[in-house]
Colleague: 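Here it is: the structure, laid out below.
It should be emphasised that the depicted structure is a prediction, and the values quoted were computed from it without experimental measurement. Within every chain, numbering begins at 1; the chains are lettered A, B, ... in the order of the sequence lines, protein sequences first and strands thereafter.
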Amino acid sequence: MAAPRSTMKFWKPGSEAPGVSEERELPTETAASAVVHNPHAALSVEKQRQKLPVFKHRNNILYLVESYQTVVIVGETGCGKSTQIPQYLLEAGWAAEGKVIGVTQPRRVAATSVANRVAEERGAHLGHEVGYSIRFDDCSDPHATRIKFLTDGMLAREMMADPLLQAYSVLMLDEAHERTLHTDIAIGLLKKIQRKRRDLRVIVASATLDAKKFQNFFNLNESGDPNKDTCGIVSVEGRTFPVDIFYTLSPVPDYVKATVETVLKIHETEDDGDVLAFLTGQEEVETVVCMLQEQARTLSRHGLKKHLRVLPMYAGLPYSEQMRVFERVPPTVRKVVVATNIAETSITINGIVFVIDCAFVKLRAYDSRTAIDSLVVTPISKASASQRAGRAGRIRAGKCFRLYTEEDFEKLPESTVPEMQRCDLAPVVLHLKALGVDNVLRFNFLSPPPAQSLVQALELLYALGGLDQYGRLSEPVGVHMAEFPLSPMFAKMLLESGNFGCSKEIVTIAAMMQIQNVFVALPNQKKAAAREHRKFSVAEGDHLTMLNVYEAFEKHQKSSRWCQEHFLNYRGLVRAASIREQLRRMLNKFRVPRNSSEGDPDVILRCIVSGFFANAARLHHSGSYRTLRDDRELHIHPNSVLYGEKPPKWVVFNEVLQTSKYFMRDVTAVESAWLVELAPHFYKQAKHGSLASKRSKIL
DNA sequence: GTACATCAA
């Protein structure tokens, strides 16, 4: 046999249930509830609803919501909590007197698909009794909607208009254990609101692990008498199949190679069922896919009856390629999906019976001292490992092969560090200030972020003019900045654009910078793609290049074919168009004049500097760059159009990313005089015509 | 010479 036999050895220390809370319902249930206007079908919808595990807890849940201000619900995968609890509340009268039952989700797709399901079950038109609200897509009626699903980010936005959330009688935070930035903000604010609104009920849906933490946080009872507790708790069992966990006998030196071997071993020795393998990044995914495809060819030459179909899955993959992982395969074929963490929570692939878990994930980390973001390959948490394993138990009993020893598993942290503690807090601080939280250092965070991150954020907001010297939100700049659904530097740039006479161009640039992977290329078309991409690039840098791309996109009637021919991300550009529209409306509202630089690039570049002056770097004689703030070494990211070109002396950039080095992303050439002129409070002219940061002098 | 986890407003 030409294919190398696997050397991977696993052992199984006893079975472990994958039970983790989750998310979307089984697709069969959707099918069953599709017909609603036939009375018999409606009856079966009712029966279907009663079969869900959560139904047994209906009265208890309603009792708890009645008696406690907050209820923590520990609901495992497939228990039906997301779709049923809002309906129980509605049936019990919680939407009386025009009040709304709100349910938040971390992701847009979840918000819309769950809303769809519930509307179907109730035989209602989506957008009337049951609706949803996500960015760019508000499908709800302020008079008719009683159950509203929304993204947690959207709830954060709604608080700006309705600080006490008076429209709602109950808010359910679904998937709270994921601890996204917006969920955490909402949690802190809801606790504050509850002190003023005793009638507001909060339901936190979470995994087992964090339930106690949520309960302690929301319990306002300090008397020690459990009868006075303000937070109740209930557990609902799930409906999934058991997953056998296997560990390696010894540590694996190379998990990429081990993944390939394990897939082959499964293919050789296991029954039918598709395979899902988790890796950390695009490059690893492509390597494994490549190696497996080669093996698959060898195997089929040797007449193995079952074929392998190996497919990559990561966010940067073109949409049509992504869709391939959802296609059904004939029974003679075994599907193998090699994915990044996107498959852990964001998407669900049907038919998975085997999971391979390398124990690592790429996570964002934030250094509050240097204000630099990095992407670091980090060991996953136990919660994450359990979530990954659970992916194998959705259609029948499955198996999870962990490419690490049981001993190493025990060393993993219980749960992932919340996003709040590993990101730039400038947007959070601005948001909290806008909601009247004066002392952000004393805000009641569920998991307080490092104090230095908060100080760093306050400093930046002050430099941008969003806060005054007392740390209060400035009028009108700070107030307007907070309203933008963008980071403060972008908001500042937009608000200034009218004064520079280039608001039309800046709106486009800001919108384009919000989407990733504008330029796309499959590994086998890299050369042709690069040739096409070069047609858009300009010497000034990435910002004006993106402006070119968007203007060309509009000139060609936003055609998807044109995008394909030029290796551009069509869906991304469409998204940019709607973001652009939203921003344009906001500029109108703030009375920023609409004007165009009419082809003069300098005005645009100066406007960019007015927002991004803090992110400036100068060329060092070594060929790399140094930040003006604290003389840190930086490099131009290989994805920048300036990479490999003659390096400009001075640049500003959108963000820094640390992988193997510190890379600047979205880089544009500027002139040093602009920095002094546009940020005199930040930089001053030093000797030999160089610039110095005032900040670094102080510290 | 080098290279982007994921989601959201």
Colleague: I need the CE-C1' distance between M420(A) and dT6(B), as an integer number of Å.
Modeller: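 Those two atoms, CE and C1', are 17 Å apart.
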
Colleague: With heavy atoms under 4.0 Å as the rule, sort R157(A) into base, sugar-phosphate or nothing.
Modeller: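 The answer is sugar-phosphate, as R157(A) gets under 4.0 Å only of primed atoms, P, OP1 or OP2.
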
Colleague: Would you confirm whether N569(A), through its side chain, and N517(A), through its main-chain N or O, come within 3.5 Å as a donor-acceptor pair?
Modeller: yes

Colleague: Are E633(A) and R626(A) within salt-bridge range, i.e. N to O under 4.0 Å?
Modeller: yes

Colleague: Checking side-chain polar atoms at under 3.5 Å, does E284(A) have a donor or acceptor matched by the opposite partner on Y255(A)?
Modeller: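 Per modelled atom types, E284(A) and Y255(A) side chains form a pair under 3.5 Å.
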
Colleague: Are R364(A) and dC7(B) close enough that a side-chain N or O sits under 4.0 Å from OP1 or OP2?
Modeller: no

Colleague: Roughly, in whole Å, what's the span from CD in E284(A) to C1' in dT6(B)?
Modeller: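 Nearest whole value for this atom pair: 15 Å.
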
Colleague: Check whether any side-chain heavy atom of L454(A) lies under 4.5 Å from a side-chain heavy atom of P449(A), and answer yes or no.
Modeller: yes

Colleague: Across the strands shown, which category fits F484(A) at heavy-atom distances under 4.0 angstrom: base, sugar-phosphate, nothing?
Modeller: nothing

Colleague: Give the rounded distance in Å between these two atoms: CG of L181(A) and P of dA5(B).
Modeller: 21 Å

Colleague: Indicate, with a heavy-atom threshold strictly under 4.0 Å, whether R665(A) touches base, sugar-phosphate, or nothing.
Modeller: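 Base contact - R665(A) has a heavy atom under 4.0 Å of at least one base atom.
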
Colleague: For the side chain of M154(A), counting heavy atoms from C-beta on, which of dA9(B), dC7(B), dA5(B) is nearest?
Modeller: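 It is dA9(B).
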
Colleague: Any side-chain N or O of T151(A) less than 4.0 Å from the OP1 or OP2 oxygen of dA9(B)?
Modeller: yes

Colleague: Round to a whole Å and report the spacing from CZ of R422(A) to P of dA5(B).
Modeller: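 Roughly 15 Å, once rounded to whole Å.
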
Colleague: So, is T340(A) near the phosphate of dT6(B), with a side-chain N or O under 4.0 Å from OP1 or OP2?
Modeller: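 Result: yes.
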
Colleague: Is there a side-chain contact between K661(A) and the phosphate of dT2(B), meaning an N or O under 4.0 Å from OP1 or OP2?
Modeller: yes

Colleague: Is there a donor in the side chain of S453(A) and an acceptor in the side chain of R422(A), or the other way round, less than 3.5 Å apart?
Modeller: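 No, no side-chain donor-acceptor pair sits under 3.5 Å.
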
Colleague: Base, sugar-phosphate, or nothing: which does L486(A) touch, judged by heavy atoms less than 4.0 Å apart?
Modeller: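 Base contact.
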
Colleague: Rounding to a whole Å, what distance do you find between I134(A):CD1 and dA9(B):P?
Modeller: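 Atom-to-atom, I134(A) to dA9(B), this comes out as 7 Å.
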
Colleague: Give a yes/no answer on whether the side chain of H637(A) brings an N or O atom under 4.0 Å of OP1 or OP2 in dC4(B).
Modeller: yes

Colleague: Base, sugar-phosphate alone, or nothing: which one does L375(A) contact when heavy atoms must sit under 4.0 Å apart?
Modeller: base

Colleague: Between I342(A) and D666(A), name the one whose nearest nucleotide on DNA chain B is closer to the 5' end.
Modeller: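 Upstream on the strand: D666(A).
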
Colleague: Starting from C1' on dT6(B), measure out to CZ on R388(A) and report it in whole angstrom.
Modeller: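 Taking CZ of R388(A) and C1' of dT6(B), I get 12 Å after rounding.
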
Colleague: Rounded to whole Å, please give me the gap between CG in L155(A) and C1' in dA8(B).
Modeller: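 To the nearest whole Å, that distance equals 13 Å.
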
Colleague: Within the 4.0 Å heavy-atom criterion, would you say N639(A) contacts the bases, only the backbone, or no part of the nucleic acid?
Modeller: base

Colleague: With the side chain of F663(A) defined as its heavy atoms from C-beta on, choose the nearest nucleotide among dC4(B), dA5(B), dT6(B).
Modeller: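 Selected nucleotide: dC4(B).
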
Colleague: With a 3.5 Å cut-off and no angle check, do the side chains of T259(A) and T262(A) form a donor-acceptor pair?
Modeller: no

Colleague: Measure from CD on E633(A) to P on dT2(B) and round the result to the nearest Å.
Modeller: 11 Å

Colleague: Where the side chain of L657(A) is concerned, which of dA5(B), dT2(B), dC4(B) is the nearest nucleotide?
Modeller: dC4(B)

Colleague: From C-beta outward on R108(A), which listed nucleotide comes closest to its side chain: dA5(B), dA8(B), dT6(B)?
Modeller: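 Nearest to the side-chain atoms of R108(A), counting from C-beta on, is dA8(B).
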
Colleague: Could you check which of dC4(B), dC7(B), dA9(B) has an atom nearest any side-chain atom of A315(A)?
Modeller: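 Of all the options, the side chain of A315(A) is nearest to dC7(B).
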
